[in-house]
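In what follows, chains carry the letters A, B, and so on, assigned in the order in which the sequence lines appear, proteins first and then strands, with residues in each chain numbered from 1.
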There are 2 protein chains.
Amino acid sequence: METAAFPEEVLSIGPVEIRPHGGLVTLNQRTLTLSVREFTLLVEIARRAGRIVSRAELYTLVWGAPLRAGDRSVDVYIHKLRVKLEDGAPGWAFIHTHVGFGYRFAPEPSHPFHNTATSR
Amino acid sequence: METAAFPEEVLSIGPVEIRPHGGLVTLNQRTLTLSVREFTLLVEIARRAGRIVSRAELYTLVWGAPLRAGDRSVDVYIHKLRVKLEDGAPGWAFIHTHVGFGYRFAPEPSHPFHNTATSR
DNA sequence: ACGGCTTCTTCACAGGTCGTTCACGGCGAG
DNA sequence: CTCGCCGTGAACGACCTGTGAAGAAGCCGT
């Protein structure tokens, strides 16, 4: 339609599709609901898909301030994103941890050895 | 660019059918009675179906002026629309809230089973 | 002009969601 | 074993949205 006003940027990676300017994320065609923080974090790490991004960099990108020692916000939000993403696309791994370095966004089918029974 | 949208423009989404130039809305073949504001708001958000539209944008589109801080008019009318729409088509969800972003028009059957996205 | 009814705004309160911070527990390296 | 790093669930106050109601304003037929 007569939208025309924004550079319709679209990040399409694996089953994920992100519209940074539309606030929308779809997983397997299904739109998922993210909070503002979750969305911003996803956008930033997804824009750097394939590379390891440090917590400090992610924090600066999303929170707009330098990461303070002991702050675990990034970890908490990475976890929230993992839950929503993996919940919407079972069998896929999206965000990988690199101990001591940071996180890396790279949607990949997870290994088939995983027991389907999600007990806890 | 489809300049002149002739008077026969019809928005048909799910069980809803809207004639922006006819002032008519039908839900499951039955016609709905909406006030001018309700109708205009529905037309604007429906024209952007599937996308998240911010309150500011909706206000500008419908009220023709910039949204003032603290104004809840959009919320109130979204509520009125939801009541009428869901009342005329039980089991369907039409307007979805995206906290911090705005509203998204997308008629979907509200799954009674298999919980989903409603929560964070 | 006048009453009666509908529509539009604005409030106020209730209920939900979000962002931040703790706390506890598992893991792997040294 | 001890320590540092990360995963995860929960607590809480701040903020955001849902909703019923009160009043003012606008419309209409008479």
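- Look at CG on B:D75: it is 15 Å from C1' on C:dC13, rounded to the nearest Å.
- Take the nearest nucleotide of DNA chain D for A:G100 and for B:I78: the residue whose nucleotide is more 5' is A:G100.
- The separation between A:H96 atom NE2 and D:dC6 atom C1' is 16 Å, rounded to whole Å.
- Remark: B:R37 pairs with no residue by the salt bridge (charged side-chain N to carboxylate O under 4.0 Å, His left out) rule, at least two apart or across chains.
- Among the nucleotides D:dT17, D:dG7, D:dG20, the one closest to any side-chain atom of A:Y103 is D:dG7.
- Remark: P of C:dG19 and CG of A:L81 are 11 Å apart, rounded to the nearest angstrom.
- Once rounded to the nearest 0.5 Å, the distance linking CD1 of A:I45 with CG of A:L81 reads 8.0 Å.
- Checked against ring-ring contact (aromatic ring centres under 6.0 Å, His included), A:F39 has the following partners two or more places apart in sequence or in another chain: B:F101.
- In this structure, A:E38 pairs ionically with A:K84, as a charged nitrogen and a carboxylate oxygen lie closer than 4.0 Å.
- For the helix from C:dA1-D:dT30 to C:dG30-D:dC1, the end axes, each set by the C1' atoms of five terminal pairs, are bent relative to each other by 30° (nearest 10°).
- OP1 or OP2 of D:dG18 has not a single side-chain nitrogen or oxygen of B:H79 nearer than 4.0 Å.
- For the pair A:F101 CZ and C:dA29 C1', the interatomic distance rounds to 14 Å; values are reported in whole Å.
- Taking CG of A:L58 as the reference point, atom CG of A:L67 lies at 9.5 Å (rounded to 0.5 Å).
- Among the candidates A:R82, A:R55, A:H96, the single residue satisfying the side chain to side chain donor-acceptor pair (under 3.5 Å) test with A:Y103 is A:R55.
- Remark: P of C:dC18 and NE2 of B:H98 are 11 Å apart, rounded to the nearest angstrom.
- The nearest whole Å value for the distance from the CG atom in A:L67 to the P atom in D:dC6 is 11 Å.
- Remark: B:A46 engages B:L11, B:I13, B:I18, B:F105 in a side chain to side chain contact (heavy atoms under 4.5 Å, CB included) (not counting sequence neighbours).
- The hydrophobic cluster analysis finds B:V10 isolated: no Ile, Leu, Val, Met, Phe, Trp or Tyr side chain comes under 4.5 Å of it, directly or through other members.
- Here C:dT17 is the nucleotide among C:dT17, D:dG18, D:dG7 with the atom lying nearest to any side-chain atom of B:V99.
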Worksheet, complete the sentence: Protein heavy-atom contacts under 4.0 Å, written 5' to 3' over nucleotides 4-10 of chain C as B (base), S (sugar-phosphate only) or - (none), form the string ---SBBB
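- Counted by atom type alone, A:T31 and B:R104 present one or more donor-acceptor pairs between their side chains at under 3.5 Å.
- When rounded to the nearest whole Å, the span between CZ of B:R55 and C1' of D:dC15 equals 12 Å.
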